[in-house]
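Here's the structure we're looking at; comments come further down.
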Amino acid sequence: MRHGKSGRRLNRNSSHRIAMFRNMSASLIEHELIQTTLPKAKELRRVLEPLITLAKEDTLAHRRTAFNRLRNIEAVSKLFAELGPRFKARPGGYVRVLKAGFRKDDAAPMAIIEFVDKAEEKAAA
């Protein structure tokens, strides 16, 4: 029985899954929009949203925790310099998952994951 075992395994072992979500988180922080499969996008929210909550308050302990989870100095710098202050007043729900049809090759459901305020910035510009 699977009682108390949360999260999708995505047909990967734990070290591969951790590395994949570190890379996806760093890419999303860098580009602010990525395309991936729907299950990966939904699971990425569980990894990324606590990091943005950490970045709301810029302390050394929070930076070290974020670096421990991301292992990417550039991503941590952008997280604390831009994203943390941008979402300071928002209580949660920092990323949006949009369905983007199906992949041509294997018909996997695709999704676009982006930050919530990205559309507001485009409308203001």
Side-chain angles (χ1 to χ4, degrees):
M1 291 196 223
R2 275 195 93 243
H3 297 305
K5 297 182 180 176
S6 64
R8 295 170 178 88
R9 292 193 342 204
L10 302 170
N11 292 325
R12 288 162 172 80
N13 61 29
S14 60
S15 60
H16 186 182
R17 213 170 29 250
I18 291 167
M20 179 183 68
F21 285 128
R22 279 180 177 164
N23 289 332
M24 289 175 69
S25 298
S27 295
L28 183 60
I29 290 169
E30 180 185 349
H31 301 291
E32 298 192 7
L33 181 141
I34 59 172
Q35 184 173 7
T36 183
T37 61
L38 186 61
K40 286 181 195 172
K42 287 182 176 181
E43 199 64 23
L44 182 61
R45 284 186 303 199
R46 298 183 64 217
V47 174
L48 193 63
E49 294 207 356
L51 289 173
I52 296 172
T53 303
L54 272 180
K56 286 180 169 184
E57 186 180 348
D58 192 0
T59 64
L60 182 60
H62 286 178
R63 280 184 178 265
R64 285 179 174 170
T65 303
F67 181 74
N68 187 21
R69 294 184 188 166
L70 282 177
R71 292 292 177 187
N72 188 324
I73 294 172
E74 292 84 16
V76 172
S77 298
K78 183 173 180 181
L79 185 67
F80 281 89
E82 295 178 25
L83 298 178
R86 189 192 306 177
F87 293 114
K88 192 85 167 170
R90 191 173 186 90
Y94 312 112
V95 294
R96 171 188 298 131
V97 175
L98 302 169
K99 293 183 180 179
F102 296 92
R103 190 161 47 200
K104 188 176 181 182
D105 183 31
D106 59 355
M110 297 300 288
I112 293 172
I113 185 165
E114 66 179 2
F115 291 112
V116 171
D117 66 343
K118 188 165 176 58
E120 295 168 6
E121 288 178 0
K122 286 181 181 177

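Since the structure is predicted, the reported quantities are computational estimates derived from the model, not experimental observations.
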Open item on the list: So which atom in Ala66 and which in Leu51 form the shortest heavy-atom distance, rounded to 0.1 Å?
Closed with: CA-CD2, 4.0 Å
Open item on the list: I'd like to know whether CG of Leu10 has more than 12 heavy-atom contacts from other residues, nucleotides or ligands below 6.0 angstrom.
Closed with: yes
- [ ] Answer yes or no: does atom CZ of Arg12 have more than 12 heavy-atom neighbours from other residues, nucleotides or ligands under 6.0 Å?
- [x] yes
Open item on the list: Keeping Arg96 on the side-chain end and Val116 on the backbone end, is there a donor-acceptor pair under 3.5 Å?
Closed with: yes
Open item on the list: Please report the interatomic distance OH(Tyr94) to CZ(Arg86), rounded to the nearest 0.5 Å.
Closed with: 13.0 Å
- [ ] Kindly indicate whether the side chain of Phe21, heavy atoms from C-beta on, has any atom under 4.5 Å from the side chain of Leu48.
- [x] no
Task: Shortest non-hydrogen contact from Leu70 toward Ala26 - done: CD2-N, 4.2 Å
Task: Heavy-atom side-chain contact between Asn72 and Glu30 under 4.5 Å - done: no
TODO: Please round to the nearest 0.5 Å and tell me the distance separating atom CD1 of Ile52 and atom NZ of Lys56.
DONE: 9.5 Å
Task: Separation between CD1 of Ile18 and CZ of Arg69, rounded to the nearest 0.5 Å - done: 11.5 Å
Open item on the list: Once rounded to the nearest 0.5 Å, what's the spacing between atom CG of Leu28 and atom CD1 of Ile34?
Closed with: 5.0 Å
Task: Check: Asp106 main-chain N/O paired with Arg103 side-chain donor or acceptor under 3.5 Å - done: no
TODO: State which residue, out of Arg46, Arg45, Lys40, fulfils the salt bridge (Lys or Arg N to Asp or Glu O under 4.0 Å) condition with Glu43.
DONE: Arg46
TODO: State the CZ-OG1 distance between Phe80 and Thr59, to the nearest 0.5 angstrom.
DONE: 6.5 Å
Task: Heavy-atom closest contact (Asn68 atom, Arg22 atom, distance) - done: O-NH2, 3.2 Å
Open item on the list: Would you say Leu83 ends up clustered with Ile73 if hydrophobic residues are merged whenever their side chains have heavy atoms under 4.5 Å apart, either directly or through other cluster members?
Closed with: yes
Open item on the list: Would the distance check show the side chain of Lys78 and the main-chain N or O of Ile29 forming a donor-acceptor pair, the cut-off being under 3.5 Å?
Closed with: yes
Open item on the list: Donor-acceptor pair, distance only, cut-off 3.5 Å: does the side chain of Arg9 make one with the backbone of Asn11?
Closed with: no
TODO: Work out which heavy atom in Ile113 is nearest to a heavy atom in Ala41; give both atom names and the distance.
DONE: CD1-O, 3.6 Å
- [ ] Verify the cluster assignment for Met110 and Ile112: are they in a single hydrophobic cluster under the rule of side-chain heavy atoms below 4.5 Å apart?
- [x] no
Task: Minimum heavy-atom distance Ser77-Arg63, with the two atoms named - done: CA-NH1, 4.3 Å
- [ ] Would you indicate whether Asn13, at its atom CG, is surrounded by more than 12 heavy atoms from other residues, nucleotides or ligands within a distance under 6.0 Å?
- [x] yes
TODO: Quick one: pull up NE2 in His16 and OG in Ser14 and give me the separation to the nearest 0.5 Å.
DONE: 11.0 Å
